[in-house]
Number of protein chains: 2
Amino acid sequence: MKTMQIGTLSDQTGVHIETIRYYERESILPKPMRNGGGRRVYDGSDVRMLNFIHKCRGFGYSLKEIVNLLELVDTGRFTCKQIHDRTLEQAIGVSEKIKQLKIMERELLQMASQCGQGNKPKCPIIDSLFLE
Amino acid sequence: MKTMQIGTLSDQTGVHIETIRYYERESILPKPMRNGGGRRVYDGSDVRMLNFIHKCRGFGYSLKEIVNLLELVDTGRFTCKQIHDRTLEQAIGVSEKIKQLKIMERELLQMASQCGQGNKPKCPIIDSLFLE
DNA sequence: TCTTGCTCCTGTAGGGCCTACAGGTAGCAT
DNA sequence: ATGCTACCTGTAGGCCCTACAGGAGCAAGA
């Protein structure tokens with residue numbers, strides 16, 4: 001089996017070395033084997049697991065939620081339906097965020113468009129930020 | 001001039017009391033007057049300022065950036081063009097976030113749709129999260 | 001007048017998720 | 001032997017809150 005050190009794991013997953021060690025400290029990743037010199041040794045299963053965590057983070061799961069998910073997976077104590085529902089929930093959360101951000105985007109662009117871009121210290125953007 | 005205590009300020013702006021006190025500690029908000037009993041007393045200008053901060057936070061500005069902005073505003077050391085450019089930058093950042101979230105949303109929904117929702121501990125969602 | 005109950009006070013610690021640094025070792029190439 | 005890079009541990013910091021604990025102000029009712 002192909003093994004690697006932490007730097008390679010970091011490269012392959014896009015997760016910073018410090019973050020990997022942090023995940024280990026927080027028991028989100030299992031403690032890896034060490035080589036003769038005391039260095040962490042990882043293999044393909046670690047890559048898979050870290051990818052899982054990284055993806056989930058990207059999807060907005062908290063580390064706690066990820067740990068829960070991983071436990072479900074590890075112990076096989078989950079049904080496909082459970083995971084389906086959680087995923088859907090997550091998707092709804094994401095689309096909610098998108099909505100919010102779109103409103104922001106629109107407001108920002110609108111503010112920018114109202115701005116004369118002059119060189120005087122008087123700006124409608126600032127004014128509108130003070131409102132409401 | 002109408003004055004209020006911290007709870008009312010919190011209600012009017014949607015910013016938690018603790019957060020208001022935190023902003024004061026961090027010199028983001030000016031230290032307010034106190035009444036006889038030692039309680040903070042605010043007025044309309046505080047509402048405006050806190051709204052500004054709150055909105056900016058919502059638009060993704062860090063507290064440090066907000067302090068910078070407020071200094072610019074206070075001292076009049078800004079041009080309309082400067083603010084315009086910052087706002088546009090912010091808008092670009094927001095639309096970047098939206099793009100990312102849309103990808104997420106699509107992936108999540110796709111994963112959910114591939115799921116049989118059965119009651120067995122075997123799920124294509126989990127499988128796909130382990131990939132990449 | 002006394003009590004109840006709410007809002008407020010200060011100070012400090014914790015939480016989530018990293019990130020950075022200091023001071024040292026492993027391991028490989030020259 | 002000498003560099004150099006990648007790694008190690010431990011700890012502190014950063015950002016932005018959030019949550020106590022232990023106490024005081026204050027208005028309204030019994």
Side-chain angles (χ1 to χ4, degrees), chain A residues 2-43 46-47 49-70 90 93 97 100, chain B residues 2-43 46-47 49-70 90 93 97 100:
Chain A
K2 229 181 7 201
T3 65
M4 68 196 78
Q5 295 193 2
I6 199 167
T8 311
L9 180 63
S10 170
D11 289 344
Q12 289 202 8
T13 58
V15 178
H16 288 162
I17 289 178
E18 279 93 348
T19 307
I20 295 172
R21 288 198 281 246
Y22 167 76
Y23 285 170
E24 181 186 329
R25 269 204 308 286
E26 297 295 309
S27 304
I28 291 154
L29 281 176
K31 290 202 186 310
M33 299 288 104
R34 301 292 181 123
N35 71 6
R39 298 186 173 195
R40 290 169 178 82
V41 176
Y42 298 99
D43 64 20
D46 296 299
V47 176
M49 191 145 183
L50 195 48
N51 269 329
F52 177 89
I53 294 167
H54 194 43
K55 266 200 174 176
C56 287
R57 286 291 298 138
F59 284 151
Y61 285 95
S62 71
L63 290 178
K64 193 176 266 182
E65 287 173 313
I66 293 170
V67 167
N68 285 346
L69 265 182
L70 281 171
Q90 209 65 21
K97 261 190 211 162
Q100 295 295 324
Chain B
K2 231 178 10 197
T3 63
M4 67 195 80
Q5 296 193 3
I6 200 167
T8 311
L9 181 62
S10 169
D11 288 345
Q12 287 201 10
T13 58
V15 178
H16 287 162
I17 289 177
E18 279 94 347
T19 307
I20 295 173
R21 288 198 282 247
Y22 167 75
Y23 287 170
E24 182 187 329
R25 268 204 310 284
E26 298 294 310
S27 303
I28 291 155
L29 281 176
K31 289 201 188 306
M33 299 286 104
R34 301 293 181 122
N35 70 6
R39 296 186 175 195
R40 290 168 178 82
V41 177
Y42 299 98
D43 63 20
D46 296 301
V47 176
M49 190 147 183
L50 194 49
N51 271 329
F52 178 89
I53 295 166
H54 194 43
K55 264 198 173 175
C56 287
R57 286 291 298 137
F59 284 149
Y61 286 94
S62 72
L63 291 179
K64 192 176 265 180
E65 288 172 310
I66 293 169
V67 168
N68 286 345
L69 265 182
L70 281 171
Q90 209 66 21
K97 261 190 212 164
Q100 294 295 322

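Letters go in sequence order (proteins before strands), and every chain restarts at 1.
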- Item | Gap between atoms CD1 and P, on B/I53 and D/dC17 respectively (whole Å) | 10 Å
- Message: In whole Å, I'd like the distance from the CG atom of A/D11 to the C1' atom of D/dC7.
- Response: 13 Å
- Give the rounded distance in Å between these two atoms: CD1 of B/I20 and P of D/dC16. 17 Å
- Task: Output yes when at least one side-chain N/O atom of B/H16 is less than 4.0 Å from OP1 or OP2 of D/dC17, else no.
- Result: no
- Query: Which heavy atom in A/V47 sits nearest to a heavy atom in A/M4, and how many Å separate them?
  - Reply: CG2-CE, 3.6 Å
- Message: Using every non-hydrogen atom in the two residues, find where A/P32 and A/R40 come nearest and quote the distance to one decimal.
- Response: CG-CG, 3.6 Å
- Task: Assign each of B/Q5 and B/Y61 to its nearest nucleotide of DNA chain D by heavy atoms, then name whichever residue's nucleotide is nearer the 5' end.
- Result: B/Y61
- Message: With a 4.0 Å cutoff (strictly under), does any side-chain N or O of B/R57 reach OP1 or OP2 of D/dC17?
- Response: yes
- Message: Between A/T19 and A/R39, which residue's closest nucleotide on DNA chain C lies nearer the 5′ terminus?
- Response: A/T19
- Return yes if some donor-acceptor pair links the side-chain N/O of B/R57 with the main-chain N/O of B/Y61 below 3.5 Å, else return no. yes
- Message: Check this one for me: any side-chain N or O of A/R21 less than 4.0 Å away from OP1 or OP2 of D/dT9?
- Response: no
- Query: Hey, is the side chain of B/S62 poking within less than 4.0 Å of OP1 or OP2 on D/dC15, counting only N and O atoms?
  - Reply: no
- Message: To check you understand the geometry: which heavy-atom pair defines the closest contact between A/I17 and A/G7, and what is its length?
- Response: CD1-CA, 4.0 Å
- Taking only side-chain nitrogens and oxygens of A/N35, does any of them come within less than 4.0 Å of OP1 or OP2 of D/dC7? no
- Query: Within a strict 4.5 Å, meaning less than it, do heavy atoms of the A/Y23 and A/L50 side chains meet?
  - Reply: yes
- Round to the nearest Å and state the distance from A/Y22 atom OH to D/dT9 atom P. 17 Å
- Query: Rounding to a whole Å, what distance do you find between B/E65:CD and D/dC15:C1'?
  - Reply: 13 Å
- Message: Return whichever of B/R34 or A/Y23 has its heavy-atom-nearest nucleotide of DNA chain C closer to the 5' end.
- Response: B/R34
- 5'-most to 3'-most nt of DNA chain C touching chain B (<4.0 Å, heavy-atom partner on protein side) reads C/dT7 to C/dT10
- How long is the line joining NZ of B/K64 and C1' of D/dC17, in whole Å? 17 Å
- Using a 4.0 Å heavy-atom cut-off across all strands, classify B/E26 as base, sugar-phosphate, or nothing. nothing
- Message: For the backbone of A/S62 and the side chain of A/E65, can you confirm whether one donor and one acceptor N or O come within less than 3.5 Å of each other?
- Response: yes
- Query: Rounded to whole angstroms, how far apart are CD1 on B/I6 and C1' on D/dT18?
  - Reply: 14 Å
- Query: Looking only at atom types and distance, does a side-chain atom of B/T13 sit under 3.5 Å from a main-chain N or O of B/L9, one as donor and one as acceptor?
  - Reply: yes
